[in-house]
Amino acid sequence: MTAGAAPHWRPGLAPAVTLRHDRVRGTDLLVMPERVVVLTGQAGTVLRLCDGERDVRRIVGDLGARFPGSPVATDVPVFLGRMRAEGWLR
């Protein structure tokens, strides 16, 4: 089981990772050397907030304001922890 991200961590994309929107597929992608990950749901929305300036608490707060009633306080830290474990966030 992956633990959630620490509230004071300021996630940003790893140096070799680029977030792009594929207009043909209508989805967001993480593009890396020799690999492309197709993102689903609001994953791209979450990762766009990972600019290395916002901490996890601010990202959760921003998303909570955009998506009232959604379980962002529990889901987003776990998602960010998984992205970090994959090496896609620093």
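Considering only heavy atoms from C-beta on, D28 comes within 4.5 Å of R48 through its side chain. Counting heavy atoms from C-beta on, the side chains of D62 and R54 come closer than 4.5 Å.
Between A5 and G81, the shortest heavy-atom contact is CB-N, 4.2 Å. Considering all non-hydrogen atoms of both residues, A14 and G87 come closest at CB-O, 3.3 Å.
Residue pairs that meet the salt bridge (charged side-chain N to carboxylate O under 4.0 Å, His left out) test with at least one member in residues 6-25, sequence neighbours left out, are D22-R25.
Residue W9 is found in a hydrophobic cluster whose other members, listed by chain and number, are L13, V17, L19, L30, M32, V37, L39, V46, L47, L49, V56, I59, V60, L63, F67, V72, V76, F79, L80, M83, W88, L89; membership requires side-chain heavy atoms under 4.5 Å apart, directly or through intermediates.
Rounded to the nearest 0.5 angstrom, Q42 CD and R66 CZ are separated by 8.0 Å.
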